[in-house]
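What follows is a set of notes on a single structure, which appears directly below.
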Amino acid sequence: MIFLIAQVIVDVASQQTDHVFEYLIPPELDDVTIGSRVVVPFGRRKVQGFVVNLVNQTNYQGKLKKLLLVVDEQAPLTPELVELSQYLADNIFAYRISILKTMLPRVMRANYRKIVTASSGVDNPLFTNGIFELTGKEDLKIIISLKSLIKAGKAKIEYLVENQAKEKLEKCYNLVFTKEQYQDLTKEIRKNAKQQQILINFILTNFGKFPLRQSILAQAGIKTETLKNFCHKGWLRSKLVETYRNPLREYENQKIKPVNLNDEQAAALKQINQKIEQQEAETFLLEGVTGSGKTEVYLHAISQSLKVGRNALMLVPEISLTPQMVKQVHARFGKEVAVLHSALSEGEKYDEWRRIRRGEAKVVVGARSAIFAPLTNIGIIIIDEEHESSYKQEDTPRYHARDVAIWRSKYHHAPLILGSATPSLDSRARAQKGRYHLLTLKKRANKQALPEVKIIDLRKSEFAGSQFDLTSELVDAIKTRISQQQQVILLLNRRGYANFMLCRDCGFVLECPNCDLSLTMHRDVGQMICHYCGYHEAIPNKCPNCHSKAIRFLGTGTQKVESELNELLPLAKVLRMDVDTTRRKGSYKKILDAFGRHEADILLGTQMIAKGLDFPNVTLVGVINADTGLYLPDYNASEKTFELLTQVSGRAGRAEKKGQVLIQTFNPDHYAIKLAQSQDYEAFYQTEMKIRYQGNYPPFFFTTLISVASKNEQNAAKEAFIIKRQLMHQLHQPTIILGPTPSAISKIKNLYYYQILVKYKHEPKLKAILHQIQDAAQEKKKYGLNIYIDNQPNRIM
DNA sequence: AGCACGCCGACT
DNA sequence: GTCGGCGTGCTC
């Protein structure tokens, strides 16, 4: 079927352009398909766009323009992804173009340039080599004079759409003679030309395997100069071929056999495999205690999917995409694996993505955005640590990878596994209702007992040293473990040295001038730093308000605990891991590798150390303050605390040696902490559900958060009230509308935030109303009002 | 979004 | 007169 017209979503993110624009397909571009990336004329500019449909009829009254270019040989988006973008646009209040762009590697975003070229004979000092490139930062005067030149026909403006995606090329060598002819050539080579002889022998022994890539020849010890020489003599011909930047190169040639499953794992797998074979969509919630071997079940399910000729997609949280984990999957599935995560360079991401798109990779492992991997024929989707909040993107498009996974699972008639030791209440409740199929793993795979967890009541404990951070009990336990050459993980969910500066005379707290937050003291850099906007100033030595010397730095961070440990345990080596020590690329891996080699006794860090780490020599986990997240004004504060404590406890005693966990808290009777102690997820689930029911919170209600931001506090509040009135007008019982209230951090980067929370059970009209609010938001942006809509937000603070 | 058109006040 | 400020409307 030949189509005449392409329907295109153009790369202009705005309300008024958030629909298809139609273009004629010129005969030379008849390779265009649904999902093609194209360049089109748009007004007097040129923009990139994506073809979402091909048709033969149009309702458009004006004259259609023609497509200018089809950018890629193979359409980057599959028809499935094009369809998915429409579903998401309807549900997450984002422009379709923003969704299409997030589905692709960053290098496939167009680079737009505007170039003014002088006509021949025009000599104007503005131009260099007859060209002036507009960057958008020029003086008004310059723009005016350029415009008048263009008007007078003395210059032309050109709009360029550049493709940033570059393929890596590698030199490759082709044969030009027959084997016999090469054999004859051997005689022409002088006896002392060792390099040439090596090469000719190589050619003869590897005959038939050519063309060969430079990298392979180099591995065989053949020098570039010799190859050049042969090409010069006409004995070989070189050409450039496309190659992949391979992030997994270092893992090549390792293959590990699957591990046998215990009866629980096998029973779970059987249910999953059945759905893989029958090609039926079903969501499984795999609830398994830490160390129960969920990963092994995933790997078997992936094998099964490959066995029936289908592909597999697996998501893991960014933080647990450690080399350890990637290695494991790669060792099992070898070259069929593609990985997608933030540690890859843009080029590597692009190449891994292309291997997937071309069907060369059958197993994809990646972080959140890998849920858009252009895999076809998916047989299984897995989301590990499904409770992780990082699966929801925090800025637009605010998609949740879990929702996308459910959509894709239905599209492909493939099962979806959501795995966790501490499932999100949402998922667990759905399993209760029968919407998900619950599978449980209660035993640890290596038959190790769960670690023994003890709570230390900070209100009646003795402290080691002069500070009130480390109890004697914890420090003694650390000493014991270190004396036995074992290692310790310590969690403190706060970075910096001290949380805030307080003046004892006037009560002044040093705050960020741009945000509604106190500044954190970072002693190593001598600065008070805002953790939200990065503002910093020197640490004061007297109160900035009353000039009293009686100032105190209160609240403990990882830096302070680090120095206390150095004081109390001068012989112990401590590695600190938080945002401050892992900012540089690769430093994360460096710290973990060093700890793995036992170059340190204690790993002290924020929540980034709580998840997925597997160090067999760690037998003690200490939580320095379990209360940091407990009283945040958010409905899921208990859930997050329980999750964190359970996850971090799971780091202890993963091998033969029994683990021990010590949790320091001021709230030893809080249910989240008590149940984390007994590591009883089911009991926590039951308790928390009652509280959610009483408070009308998820999973009993759906939520949507609408926030309004403005430089002017009154304007933000006023707009929020207008929106509330609009909602009240159209929504009914039992929908609850809370607010507007200032957000928990009412000012960030000099913008004031007001928010409204809509809690609803069934509100079919809500989507339409929110779309109206979003449409109106475009207009209000002009007056400095930003309106954000977040469906099922992670946080409602 | 970004670009042009068009209408109105200010200034050489 | 015309320069240039911003409001308005369109892009297949």
Side-chain angles (χ1 to χ4, degrees), chain A residues 3-27 29-30 32-71 82 85-86 89 93-102 108-117 132-153 155-162 395-397 771 774-788:
Chain A
F3 290 100
L4 305 171
I5 295 164
Q7 297 190 325
V8 175
I9 298 289
V10 293
D11 184 14
V12 180
S14 81
Q15 191 48 237
Q16 293 147 83
T17 53
D18 191 27
H19 60 84
V20 295
F21 286 82
E22 293 180 322
Y23 291 88
L24 291 173
I25 303 168
L29 298 183
D30 67 350
V32 70
T33 63
I34 289 177
S36 286
R37 184 161 62 125
V38 292
V39 176
V40 293
F42 195 65
R44 63 192 54 209
R45 316 179 268 163
K46 282 185 222 167
V47 295
Q48 184 169 289
F50 295 96
V51 175
V52 295
N53 205 6
L54 298 172
V55 293
N56 278 316
Q57 299 262 309
T58 178
N59 293 324
Y60 185 62
Q61 299 298 308
K63 195 167 176 285
L64 295 184
K65 293 181 179 176
K66 284 189 221 162
L67 296 179
L68 295 173
L69 179 71
V70 177
V71 184
V82 171
S85 72
Q86 180 61 60
F93 310 99
Y95 301 126
R96 194 151 176 213
I97 188 63
S98 335
I99 296 163
L100 290 166
K101 281 163 88 176
T102 47
M108 293 184 93
R109 293 181 186 188
N111 189 23
Y112 297 103
R113 294 170 69 186
K114 278 178 277 180
I115 292 174
V116 184
T117 332
F132 186 95
E133 179 157 2
L134 290 159
T135 58
K137 286 176 220 148
E138 287 81 14
D139 263 16
L140 212 67
K141 279 181 188 164
I142 293 176
I143 292 181
I144 289 161
S145 45
L146 283 171
K147 273 192 177 164
S148 62
L149 282 171
I150 293 165
K151 244 187 183 164
K156 260 199 329 227
I157 186 156
E158 264 185 290
Y159 295 87
L160 291 184
V161 182
E162 285 180 347
D395 38 64
T396 39
H771 273 117
Q774 193 203 18
D775 292 357
Q778 176 108 2
E779 187 68 15
K780 286 168 181 156
K781 222 172 176 174
K782 289 181 200 157
Y783 313 109
L785 280 166
N786 280 309
I787 298 167
Y788 307 99

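Sequence lines set the chain letters: A, B, ... in the order given, protein chains first and strands last, and positions in each chain run from 1.
Rounded to whole angstrom, the span from the CD1 atom of A:I150 across to the P atom of B:dA4 amounts to 8 Å. When rounded to the nearest whole Å, the span between CD1 of A:I143 and C1' of C:dC3 equals 16 Å. The distance between atom CZ of A:R45 and atom P of C:dT11, rounded to the nearest whole Å, is 13 Å. Going from atom NZ of A:K781 over to atom P of B:dG2 covers 11 Å, rounded to whole Å. To the nearest angstrom, P of B:dA4 lies 13 Å from CG of A:L146. Between the C1' atom of B:dC3 and the CD1 atom of A:I157 lies a distance of 10 Å, rounded to the nearest Å. Rounded to an integer number of Å, the gap from NZ of A:K46 to P of B:dG2 is 17 Å. Residue A:K147 contributes atom NZ, which lies 8 Å from atom C1' of B:dA4 at whole-angstrom precision.
Within 4.0 Å of A:Q7, counting heavy atoms only, lies no atom of the nucleic acid at all. Using a 4.0 Å heavy-atom cutoff across all strands shown, A:Y159 reaches sugar-phosphate atoms only and no base atom. Within 4.0 Å (heavy atoms only), A:K114 reaches sugar-phosphate atoms of the nucleic acid but no base atom. Here A:F42 lies in heavy-atom contact (under 4.0 Å) with a base.
Set against B:dA4, C:dC12, B:dA1, the side chain of A:L64 has C:dC12 as its closest nucleotide. Closest to the side chain of A:T17, out of B:dA4, B:dA1, C:dC12, is B:dA1. The nucleotide whose nearest atom lies closest to any side-chain atom of A:V12 is, among B:dA4, B:dA1, C:dC12, B:dA1. Here the side chain of A:E22 is nearest to one of B:dA4, C:dT11, C:dC12, namely C:dC12.
Between A:Q48 and A:M108, the shortest heavy-atom contact is NE2-O, 3.1 Å. When all heavy atoms of A:K101 and A:F50 are compared, the closest pair comes out as CG-CE1, 4.4 Å.
For the side-chain contact (heavy atoms from CB on, under 4.5 Å) with A:Y23, the qualifying choice from A:V10, A:L64, A:V51 is A:V10, the only one to do so. The side-chain contact (heavy atoms from CB on, under 4.5 Å) test with A:V40 is passed by exactly one of A:V47, A:L69, A:V161, A:L68: A:V47.
By the 30° and 60° cut-offs, the orientation of the rings of A:F42 relative to A:F21 is perpendicular.
Residue A:Q778 places at least one side-chain N or O closer than 4.0 Å to OP1 or OP2 of B:dA1.
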